[in-house]
Amino acid sequence: MSAQGNAQRAAANRRRYEELRAAGQELKQLPAPTAMDGAPITKDAIVQTEQVPPGWHATVRLSRGEALRICDDLGRSSASLLAWRNEDPCERINCADTVKVQWSAALSKGRMILSDMGRVLLSMIEDTSGAHDLLVGGSTADSTLKAYGEVTRNTQANFISAAAKIGLGVRDIPPCVTFFAPVTTDATGRFVWHGERKRACDFVDLRAEMNLIVAVSNCAHPLDPARPAATTPITLIRHRLPPPAADDVCRTASPEALRAYAFTDQLFA
Amino acid sequence: MSPTDQDDLVYAFDIPAEQPWSRILKKGQTLRIIDSEGEQAVDALIYVAGDTAERYSAQDTLRVQGSAYLELGTRLISNCGRVMAQITADTCGRHDTSAGCCSCESNAVRFGEATRYLHACRENFILELSRHGLTKRDIVSNLNFFMNVPIEPSGNFTVLDGPSSPGNYVDVTAEMDVLFVISNCPQVNNPCNGFDPTPIRVEIRQTPAA
């Protein structure tokens, strides 16, 4: 291609990039957070309920269309999550693409959690909190030793255990998302913990967009000054949902969302 | 720069635009990545040479550092909490480890179906990793040298124009024997490399620069 052709292509690509950025950031209208007493789950919709004690983890299989509610029962816990596609665990959660595609490191109601294959794993259909972490990740043996002077139960060890129990290994543990972890960056890029944003009974509802294996670890986030002994249970509720409406907020949030859901739906066409 | 005036230079190579590269970096050796023409993003993966299940972890690195950007002095941490390498020189000042690498699939989501069949870093990584018995499973998190990805307090996240000038470099000194894998980012859809991939140069020295 000629130099002029290259320049024209670059100019066209920049124009497209700036248009997408405007749509993704400047014009984005996300829904308000779910009310604390909003989105009740009827008894007959519940498939499975599990309370995970502090320091422990649980693995849940979700079918496409089901949802997982994660509740921070007493407001002192964080829930780190990994997800793999059930039929092909080589496809898994990708935090970097989740951030990059949505032009935001802040997860909240209306957002999607993406795989490394350009598809949607989970939709955030309900969220009371709006304070979650995609960048820092869960606790590790090292982080607990540094914070508490001892190695305590931690998310890294939980994920190794969870992965092993479904036949996966350390190679299959990518960066994780942590719910109820109010982390932001300041103007210089330093991470800031906003503990005041945590409340008892905060919850998220994550709708599975494909058949998934989900691992959830209940450990204090490494930036949370709470000692492990101060953390509290989380409750996991797997439940059935009606099919998403045509105007489903997650599915229609942006040009990127429309494409990601279309690619996901092709798996089930 | 010739080996005669750089006695400890043990290796040098120009990685063409859009191409992958890999090499074992011995403990104590320093890899200099030179952005030959400027505004080029360089995607990288790092594995422990003797046990590739231990590899670079972006989240561990960010947590230990307390900061979202990589800079001079940043220790690059493995998924086992060990220091794999350190950034020992840096004339650019801004590097990312949150934005991941481009792929055919993510390009199609971000920029439309028409961009699916373009060169992408994940394809590069898969090909280069295959030479070492590794697969797509092993691509868990990566570094983006010379890539400017500011994260605002609101969470807003943007890939901005490549901040490096021609000849800018970053030095990475190995703290253990590591496999260093590079994709000289083929991305033409965002401004991380000025929409125009160009060659980069890699040099390995026995010791860090004085």
Side-chain angles (χ1 to χ4, degrees), chain A residues 6 9-11 13-14 16-17 20-21 25 89-90 92 94-97 99-108 114-119 134-138 140-143 146 156 169-176 184-192 222-223 255-257 259-260 263, chain B residues 52-55 57-60 62-69 71 77 79-82 97-113 115-116 122 134-142 149-159 161 188-191 194-196:
Chain A
N6 279 338
R9 185 191 61 176
N13 284 349
R14 182 178 293 278
R16 179 182 59 195
Y17 182 81
L20 284 167
R21 178 163 71 151
Q25 291 190 324
C90 177
R92 67 277 303 267
N94 189 301
C95 289
D97 281 357
V99 168
K100 187 167 57 182
V101 165
Q102 298 180 98
W103 307 87
S104 176
L107 282 179
S108 62
L114 293 169
S115 80
D116 62 323
M117 293 295 286
R119 292 188 278 244
L134 276 162
L135 299 177
V136 180
T140 69
D142 283 347
S143 80
K146 186 166 178 236
Q156 178 195 44
V170 173
R171 294 167 65 196
D172 301 293
I173 301 177
C176 66
T184 62
T185 51
D186 69 15
T188 65
R190 304 292 300 175
F191 294 117
V192 183
L223 300 185
E256 293 90 345
R259 288 190 285 265
F263 295 150
Chain B
T52 52
E54 182 173 357
R55 71 274 307 267
S57 165
Q59 289 188 331
D60 285 283
L62 295 186
R63 186 194 72 245
V64 164
Q65 215 197 182
S67 168
Y69 312 119
E71 56 199 2
I77 308 294
N79 57 341
C80 299
R82 299 201 295 164
T97 194
S98 302
C101 63
C102 62
S103 68
C104 296
E105 292 78 15
S106 67
N107 285 346
V109 171
R110 297 180 72 202
F111 307 112
E113 185 62 54
T115 63
R116 182 183 295 273
R122 183 170 292 263
L134 302 172
T135 74
K136 171 178 169 291
R137 282 173 69 191
D138 297 288
I139 307 173
V140 290
S141 54
N142 67 279
V149 186
I151 305 167
E152 297 172 14
S154 67
N156 270 0
F157 186 102
T158 313
V159 180
D161 290 27
V188 293
N189 296 292
N190 79 39
F195 304 93
D196 179 24

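So that the names make sense, note that chain A is the first sequence line, chain B the second, and so on, each numbered from 1. These numbers come from a predicted model, not from an experiment.
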**Q** Mind ranking A/A257, A/A106, A/A141, A/A105 by heavy-atom pairs under 4.5 Å with chain B and telling me who comes out on top?
**A**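 Option with the top pair count is A/A105.
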
**Q** At a heavy-atom distance under 4.5 Å, which candidate from A/D142, A/I173, A/V136 has the highest pair count against chain B?
**A**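 Heavy-atom pair counts peak at A/V136.
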
**Q** Is A/L134 close to chain B through its backbone or its side chain, or both, or neither, when contacts mean heavy atoms under 4.5 Å?
**A** backbone

**Q** Relative to chain A, which of B/D138, B/V149, B/V109 shows the most heavy atom pairs under 4.5 Å?
**A** B/V109

**Q** With respect to chain A, which residue among B/S106, B/G100, B/A99 yields the maximal number of heavy-atom pairs within a distance under 4.5 Å?
**A**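 Highest number of pairs under 4.5 Å: B/A99.
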
**Q** Non-hydrogen atoms of chain A under 4.5 Å away: do they reach the side chain of B/V159, the backbone, both or neither?
**A** both

**Q** Could you check if a side-chain atom of B/D196 sits within less than 4.5 angstrom of a side-chain atom of A/N6, using non-hydrogen atoms only?
**A** no

**Q** Which answer fits B/C104, side chain, backbone, both or neither, if we ask what part of it has an atom under 4.5 Å from a heavy atom of chain A?
**A**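 Neither part.
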
**Q** Output the distance between atom CG (A/L20) and atom CD (A/E256), rounded to the nearest 0.5 Å.
**A**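 Rounded to the nearest 0.5 Å, the CG-CD separation comes out at 5.0 Å.
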
**Q** Between B/I77, B/T52, B/N189, who has the most heavy-atom pairs with chain A when the cutoff is under 4.5 Å?
**A**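 Heavy-atom pairs under 4.5 Å are most numerous for B/N189.
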
**Q** Could you pull out the closest heavy-atom pair between B/S141 and B/S57, with the gap in Å?
**A**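 Heavy atoms of B/S141 and B/S57 come nearest at OG-CA, 3.7 Å.
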
**Q** Given 3.5 Å as the limit, does a donor-acceptor pair link the side chain of A/N13 with the main chain of B/F195, or not?
**A** no

**Q** Between A/V192, A/L223, A/L135, which residue shows the highest count of heavy-atom pairs closer than 4.5 Å to chain B?
**A**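 Top count of heavy-atom pairs under 4.5 Å with chain B: A/L135.
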
**Q** Could you look at A/F263 and say if it's the side chain, the backbone, both or neither that has a heavy atom under 4.5 Å from chain B?
**A** side chain

**Q** When only pairs under 4.5 Å are counted, which of B/S98, B/A58, B/S154 shares the most heavy-atom pairs with chain A?
**A**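 Heavy-atom pair counts peak at B/S98.
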
**Q** Kindly say whether B/Y69 contributes a backbone atom to a donor-acceptor pair with the side chain of B/Q65 at under 3.5 angstrom?
**A**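 Confirmed, B/Q65 side chain pairs with B/Y69 backbone.
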
**Q** Below 4.5 Å from any heavy atom of chain B, which atoms of A/Q156 appear? Answer side chain, backbone, both or neither.
**A** side chain

**Q** Does A/P89 offer a backbone N or O that forms a donor-acceptor pair with the side chain of A/R92 under 3.5 Å?
**A** yes

**Q** Go through the structure and list residues passing salt bridge (charged side-chain N to carboxylate O under 4.0 Å, His left out) with A/D186, not counting sequence neighbours.
**A**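 By the salt bridge (charged side-chain N to carboxylate O under 4.0 Å, His left out) rule, A/D186 matches no residue at all.
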
**Q** Less than 4.5 Å to any heavy atom of chain B: does that hold for the side chain of A/R171, its backbone, both, or neither?
**A** both

**Q** Salt bridge or not for A/D116 and B/K136, using N-O below 4.0 Å?
**A** yes

**Q** Looking at A/S104, A/P222, A/S115, which has the largest count of heavy-atom pairs under 4.5 Å with chain B?
**A**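 Highest number of heavy-atom pairs under 4.5 Å: A/S104.
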
**Q** Quick one: of A/T185, A/T184, A/V101, who has the most non-hydrogen atom pairs under 4.5 Å with chain B?
**A** A/T185

**Q** Look at the side chain of B/D60 and the backbone N and O of B/N79, then say whether any donor-acceptor pair between them is shorter than 3.5 Å.
**A** no

**Q** Which value, rounded to the nearest 0.5 Å, describes the distance between A/N94 atom CG and A/M117 atom CE?
**A** 11.0 Å

**Q** Quick check on B/T115 against chain A: is it the side chain, the backbone, both or neither that has a heavy atom closer than 4.5 Å?
**A** side chain

